[in-house]
2 protein chains.
Amino acid sequence: MLRSEAASSQHSRVTIAQVASRAGVSPTTVSHVLSGKRAVRAATRGTVMEAIRELGYRPNIVARNLRTRRSHMIAVVVPDITNPFYAVLTRGLADAVDAAGHGTYVCNTDGQHDRERKFFQDAMDRGVDGIVFASGETASQIELEEVDQQMPIVCIGAQLDHPLCDAVIPDDETGSRAAGSFLAARGYERIAMIQGPPHYGVARTAGFRSAMQVAKRKVPAERLVRGDWTRKGGYQAMKTLMALKDRPDAVFCANDLMAIGALDVAHELGLSVPEDVAIVGFDDVDAATIVTPHLTTVRNPAYEAGGTAGDLLMSRMSGRYTGAGRTVVLPCPLIERGTV
Amino acid sequence: MLRSEAASSQHSRVTIAQVASRAGVSPTTVSHVLSGKRAVRAATRGTVMEAIRELGYRPNIVARNLRTRRSHMIAVVVPDITNPFYAVLTRGLADAVDAAGHGTYVCNTDGQHDRERKFFQDAMDRGVDGIVFASGETASQIELEEVDQQMPIVCIGAQLDHPLCDAVIPDDETGSRAAGSFLAARGYERIAMIQGPPHYGVARTAGFRSAMQVAKRKVPAERLVRGDWTRKGGYQAMKTLMALKDRPDAVFCANDLMAIGALDVAHELGLSVPEDVAIVGFDDVDAATIVTPHLTTVRNPAYEAGGTAGDLLMSRMSGRYTGAGRTVVLPCPLIERGTV
DNA sequence: CCGCCCCATCAAATCGTTTTGCCGCAAGAT
DNA sequence: ATCTTGCGGCAAAACGATTTGATGGGGCGG
């Protein structure tokens, strides 16, 4: 195999200069053959390609990045890749940008502001071409430094105060409203909600409240409890709700994990779902169809969000779009299954 | 804020030369202040730090990488980040190497050999410091080029024929044997298995067979069926098994997703688990505790695998270890829950 | 035959660091 | 007084590509 012959003669990596000397041309010409930026005679191109093959030349991307100031790498900053929502989002992004030759650099922040900051800086210092920032709603709290103004950024799930920052936001409010209306339409009377932590998921709460108002359902304060997005948090919140003297007959949960926790409580108390109590979640994670009965929920389009984020990013990176920050909102359709 | 003052005076990024001139020293000195590789007088260091702060200097990592030939970035090549197992693995890796300042570059191959190849090349060209390759068992089929010999690689779940390649392999065989023995010890007689696709998961099958042999359980060919790792695949395989004239009373599934599919069938047929049929999975994904009853399964230590992969990698990257390929095998303990 | 232009190619500068060899200078040893 | 020693700092050469202005030669029109 030619490859190994070359490797044995040459320990470290082959450079463009070696290719050039082998082909009897200048490095410039080799570069032009590779990039196609200037015309090269067919015969010359042939010789160069031959040399490239023989030596097994591969361009050093780091050197290229330094010169061109593009890395063909984009960073995705998420709270936790282990969370299926962000995993799917990341995949959607990766698929969208892969075709254009962009790789993805992922950072887990665990939602901590200092880590968000750190990774933002890290990504910029590494010369990524763009950043998608999906750290939930904490986004608005990040203060971007002046130097960042150049960098294409798209923010998922929230707006970022930055002139060149695009946003893709799942329409939580409409989705939640649909969930609420649906419960009301099905005749449930004492509808409760397990919200996210304070200051989080406000759109989901807002949608729910608006639906309740339209449907003329009173929602006393004790029917609005909070969880921390986890299954356990949902479990505890549901316990509180089920202990109410005027027990709710339906519960809308701000995410699926908490809904699953709520379901745990129902099973534990021997309540049948949806007869004794209906449950609706939000996100439509895989687990939603694993629980019994399957969870009725609002779909959070993670894959699409990642994909559109990639598209927005690329339109800026290519210079195709240079205007002000765009916002694309993605619908969150209600998925009817077995828990209502 | 000092930062914005600097930015307004200077549109593009601040370089080390600018810092040097502002501090009245040479770039060399600034570099030494930053790296600590040579002594710098305290007073000088102070001036330099001051200049750095004032200008908001951040080193250009791309340039640094070019010079030092280290990127502090490691690539992780997985079939699909959306698969919780790989997501957790990736997180374990990221956590392990983050402290040392290494970022992670992730590639989804969907198990396709050409994509594995492509990303391997891509990662090397990008100058990553190491690669962890977790593309299941297809690994052995990758032929590494000569030039790759320098690159630290650790392979998860399989051995790779490469002198410097370490491996971390979950002990599938022992885990599966434990699962099989457990079923036999509980008195199940007609024990079946839903295997992975041909040539995949052979260790899991082997462990199961060995347990059956020890326990003196015959397993006729029709009790060994195959699935494609998915829930749906498990569903179909289970259908076949349950249609057998001599219906199995226990099923060991080569992974949790298929076990969940098997559980679907049991519910559908009105069979109660574990009374009518016992089910054991493999992997211990989150979903295992979401199904009812909770799935008895063998834990596949994804997070630990990622973590040790990171450690192995770093020991080589730092030059602390330079010997032949190591193999660390991780135990896969049986987790008793509700399905047996 | 001259001038012009275009095509293909090259030399050299550049990207922003790190690293190496060298050089003053002051302090301590002889 | 001279000889080491070491400290603190600088200039310049990498690292491996891309990009730009220059150049030589051939074809073509006048």
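Numbered from 1 within each chain, the chains take letters A, B, ... in sequence-line order.
With sequence neighbours left out, A:Asp122 forms a salt bridge (Lys or Arg N to Asp or Glu O under 4.0 Å) with A:Arg126. By the ring-ring contact (aromatic ring centres under 6.0 Å, His included) test, A:His32 pairs with no residue at all, sequence neighbours left out. Annotation: salt bridge (Lys or Arg N to Asp or Glu O under 4.0 Å) contacts of A:Asp110 (sequence neighbours excluded): A:Arg115, B:Arg91.
Rounded to whole angstrom, the span from the OH atom of B:Tyr57 across to the C1' atom of C:dG16 amounts to 8 Å. At whole-Å resolution of the value, CG in A:Asp125 and C1' in C:dT17 are 13 Å apart. Look at CD1 on B:Ile16: it is 14 Å from C1' on D:dA11, rounded to the nearest Å. We find that CZ of A:Arg70 is positioned 19 Å from C1' of C:dG16, with the value rounded to whole Å. Atom C1' of nucleotide D:dG16 and atom CG of B:Leu66 are separated by 6 Å, given to the nearest angstrom. One can place CG of A:Asn60 at 14 Å from C1' of C:dT17, the figure rounded to the nearest angstrom. In this structure, A:Arg69 atom CZ and D:dT18 atom P are separated by 15 Å, rounded to whole Å. Whole-Å rounding puts the A:Ile61 CD1 to D:dC15 P distance at 19 Å.
A sub-4.0 Å separation between OP1 or OP2 of C:dT9 and a side-chain N or O of A:Thr29 is absent. Between B:Ser26 and D:dC10 there is a side-chain polar atom (N or O) within less than 4.0 angstrom of OP1 or OP2.
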Could you run down the sub-3.5 Å N/O contacts of the protein with nucleotides 19-22 of chain D?
{"unit_1": "D:dT19", "atom_1": "O4", "unit_2": "A:Thr28", "atom_2": "OG1", "d": "3.4"}
{"unit_1": "D:dG21", "atom_1": "N7", "unit_2": "A:Arg38", "atom_2": "NH2", "d": "3.4"}
{"unit_1": "D:dG21", "atom_1": "O6", "unit_2": "A:Arg38", "atom_2": "NH1", "d": "2.6"}
{"unit_1": "D:dG21", "atom_1": "O6", "unit_2": "A:Arg38", "atom_2": "NH2", "d": "3.3"}

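Applying the salt bridge (charged side-chain N to carboxylate O under 4.0 Å, His left out) rule to pairs touching residues 23-51 of chain A yields A:Glu50-A:Arg53, sequence neighbours excluded.
Although no hydrogens or angles enter the test, the distance criterion places no donor-acceptor pair under 3.5 Å between the side chain of B:Asp129 and the main chain of B:Arg70. Although no hydrogens or angles enter the test, the distance criterion places no donor-acceptor pair under 3.5 Å between the side chain of A:Ser31 and the main chain of A:Pro27. Side-chain N or O atoms of B:Thr322 include none that pairs as donor or acceptor with a backbone N or O of B:Gly319 at under 3.5 Å.
B:Val62 comes within 4.0 angstrom of nothing in the nucleic acid, heavy atoms only.
Taking the screw axis at each terminus of the helix from C:dC1-D:dG30 to C:dT30-D:dA1 from five consecutive base pairs, the angle between the two is 50° to within rounding of 10 degrees.
Between the side chains of A:Tyr303 and A:Asp95, at least one donor-acceptor pair of N or O atoms lies under 3.5 Å.
In the set C:dT9, D:dA11, D:dG8, D:dG8 carries the atom at the smallest distance from any side-chain atom of B:Ala39.
Atom CD in B:Glu54 sits 13.5 Å away from atom CD in B:Gln18 (nearest 0.5 Å).
When each of B:Ala63 and B:Arg41 is assigned the nucleotide of DNA chain D with its nearest heavy atom, B:Arg41 is the one assigned upstream, toward the 5' end. Each of B:Val40 and A:Leu34 has a nearest nucleotide on DNA chain D; the 5'-most of these lies closest to B:Val40.
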